[in-house]
Engineer: 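Structure provided below as structure tokens; questions to follow.
What you see is a predicted model; the values in this text were computed from it and never measured.
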Amino acid sequence: MAISLGSTAATPILDWRHPLILALLAEIRDVAPTGERAFLITAHQLIAARVRPVYAMNERQPASRTLRLGRGSCSQRLALLEAAARGRGIPTRVRGLLLDGRFWHPRFPRLRALIPRRVVLAWPEFLLDGKWVAVSELYGDLTALRTGGRFTNTGSVTLFDAIAHTAVDWDGGTCSSCDLSGHVLADLGCFTARDDLFDQHGQTLCLPVRIPVDLIMGRRAA
């Protein structure tokens, strides 16, 4: 299983040195309270407000492009959050999870044929006060967040948005009502950047398939 100590380096996906992301960093600093966690929460809220959720499939899309387009998948918006963290000097890494594609069936009851059987998910972690904190616990520990109920992958709330008020529990460590571990087919370990995860395990869809699916789903509102 891969192990990573994380990094603050810019990567092709986490291109935080791009002028658009540098401008976003300056804006976050202007309004965020003191502290790294407060910075990340403010960044998450700004991205949620500014980048419209859609179902794009290109996992390697640079974070700056997501910001420029003003739309992105949960994965692409999480990558933008990681880029902002690195630009602030907060080390990040990702945990790779292989999820059962049926996790997305409730959201797309009429488009199930387009959903892959297995989905590679890059779940970010941030080094805060010497401890790795998963993005699912950015707003508090899962025990406290479980009062918000389970993420059901239905309705208008996306996975990116849900972390602010819901226990997104991939390990089944909270309670049965919030347990999402049944959707996890494999834990792929931790990687220095999502670039490394996709280098090793590939994107969910290969290029010839991803392009037509992206044309159908890429502008579809989440």
Side-chain angles (χ1 to χ4, degrees), residues 6-95 107 121-129 131-142 144-145 148 151 153 155-168 193-195 217-222:
S7 175
T8 58
T11 73
I13 300 176
L14 308 176
D15 60 339
W16 64 263
R17 296 184 186 278
H18 190 282
L20 285 177
I21 296 185
L22 291 176
L24 177 66
L25 288 171
E27 184 177 355
I28 297 168
R29 291 190 185 100
D30 285 343
V31 298
T34 303
E36 293 180 335
R37 186 184 291 267
F39 174 90
L40 291 175
I41 289 174
T42 301
H44 179 265
Q45 293 169 344
L46 277 178
I47 293 167
R50 190 160 300 173
V51 181
R52 180 170 58 90
V54 296
Y55 290 99
M57 301 294 177
N58 184 9
E59 301 282 7
R60 291 186 178 275
Q61 177 167 288
S64 61
R65 177 172 172 78
T66 300
L67 183 58
R68 180 176 65 80
L69 291 173
R71 64 176 187 269
S73 66
C74 285
S75 180
Q76 290 166 347
R77 292 195 289 165
L78 286 171
L80 180 53
L81 179 60
E82 288 178 70
R86 291 192 175 203
R88 171 64 167 75
I90 302 170
T92 79
R93 66 184 187 185
V94 294
R95 179 186 179 191
R107 190 172 289 274
L121 177 68
W123 199 243
E125 297 182 354
F126 308 94
L127 189 62
L128 301 175
D129 298 322
K131 179 182 177 182
W132 285 107
V133 177
V135 68
S136 45
E137 297 193 275
L138 187 59
Y139 284 80
D141 63 58
L142 293 180
L145 288 169
F151 177 68
N153 217 357
S156 61
V157 177
T158 68
L159 194 57
F160 180 87
D161 301 311
I163 63 171
H165 53 77
T166 303
V168 180
R194 60 181 53 228
D195 307 57
M217 305 289 282
R219 294 177 181 271
R220 183 184 175 91

Engineer: Yes or no on side chain to side chain contact (heavy atoms under 4.5 Å, CB included) for R88 and I28, after CA distance, side-chain angles and deciding distance?
Structural biologist: CA-CA 10 Å; R88 171 64 167 75; I28 297 168; over 6 Å; no
Engineer: Aromatic rings F160 and H44: how do their planes relate, parallel, tilted or perpendicular, breaks at 30° and 60°?
Structural biologist: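 Judged by the thresholds at 30° and 60°, the geometry between F160 and H44 is parallel.
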Engineer: Within a strict 4.5 Å, meaning less than it, do heavy atoms of the R60 and P12 side chains meet?
Structural biologist: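 Side chain of R60 against side chain of P12, heavy atoms only: no contact under 4.5 Å found.
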Engineer: Determine, step by step, whether S75 and R194 satisfy the side chain to side chain donor-acceptor pair (under 3.5 Å) criterion, reporting the C-alpha distance in whole Å, the side-chain angles of both residues, the deciding distance to 0.1 Å, and the verdict.
Structural biologist: CA-CA 10 Å; S75 180; R194 60 181 53 228; 3.0 Å; yes
Engineer: Determine whether more than 12 heavy atoms belonging to other residues, nucleotides or ligands lie under 6.0 Å from atom CG of D129.
Structural biologist: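 Atom CG in D129 is not packed in, count stays at 12 or less.
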Engineer: For the residue pair V51 and G72, what are the closest heavy atoms and their distance?
Structural biologist: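 Result for this residue pair: CG1-N, 3.6 Å.
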Engineer: For V94 versus P124, what's the shortest heavy-atom pair and its separation?
Structural biologist: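 Taking every non-hydrogen atom into account, CG1-CA, 4.1 Å.
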Engineer: Looking at P33 and T42, what are the two nearest heavy atoms and their distance?
Structural biologist: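 So the two residues come closest at CD-OG1, 3.8 Å.
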Engineer: Do D15 side-chain atoms and A10 backbone N/O form a donor-acceptor pair below 3.5 Å?
Structural biologist: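 Here the side-chain-to-backbone pair does not exist.
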Engineer: Heavy atoms only: give me the nearest L25-F39 pair and the separation to one decimal.
Structural biologist: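 L25 and F39 have their closest heavy atoms at CD2-CZ, 3.7 Å.
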Engineer: How many angstroms lie between CG in L20 and NE2 in H18, if you round to the nearest 0.5 Å?
Structural biologist: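 L20 atom CG to H18 atom NE2 measures 5.0 Å (nearest 0.5 Å).
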Engineer: Nearest 0.5 angstrom please: T92 OG1 to L128 CG, how far?
Structural biologist: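 Answer rounded to 0.5 Å: 11.0 Å.
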Engineer: Can you name the closest pair of heavy atoms from A48 and D161 and give their distance?
Structural biologist: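 Residues A48 and D161, closest heavy atoms: CB-OD1, 3.7 Å.
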Engineer: Out of curiosity, L159 CG to L78 CG, how far, rounded to the nearest 0.5 Å?
Structural biologist: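 The distance works out to 7.0 Å.
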Engineer: Counting C-beta onward and ignoring hydrogens, is there a side-chain heavy-atom pair between Q45 and I41 closer than 4.5 Å?
Structural biologist: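 Sidechains of I41 and Q45: in contact.
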Engineer: Taking all non-hydrogen atoms of both residues, which atom of A83 and which atom of W16 are closest, and how far apart?
Structural biologist: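 For A83 versus W16, the nearest heavy atoms are O-CB, 3.2 Å.
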Engineer: Atom CG of L69 and atom CD of Q76: how far apart are they, to the nearest 0.5 Å?
Structural biologist: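 Here the rounded value is 8.5 Å.
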Engineer: Does the R86 side chain pair with the main chain of A9, one donor and one acceptor, at a distance under 3.5 Å?
Structural biologist: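 Looks like yes, one N/O pair under 3.5 Å.
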Engineer: At what distance, to the nearest 0.5 angstrom, does CG of L80 lie from CG of L67?
Structural biologist: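 Reported to 0.5 Å precision, the distance equals 5.5 Å.
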Engineer: At what distance, to the nearest 0.5 angstrom, does CZ of R37 lie from CD of E137?
Structural biologist: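 Those atoms lie 8.5 Å apart.
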Engineer: Are any of the side-chain heavy atoms of P91 and T8 separated by less than 4.5 Å?
Structural biologist: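 P91 vs T8: side chains touch.
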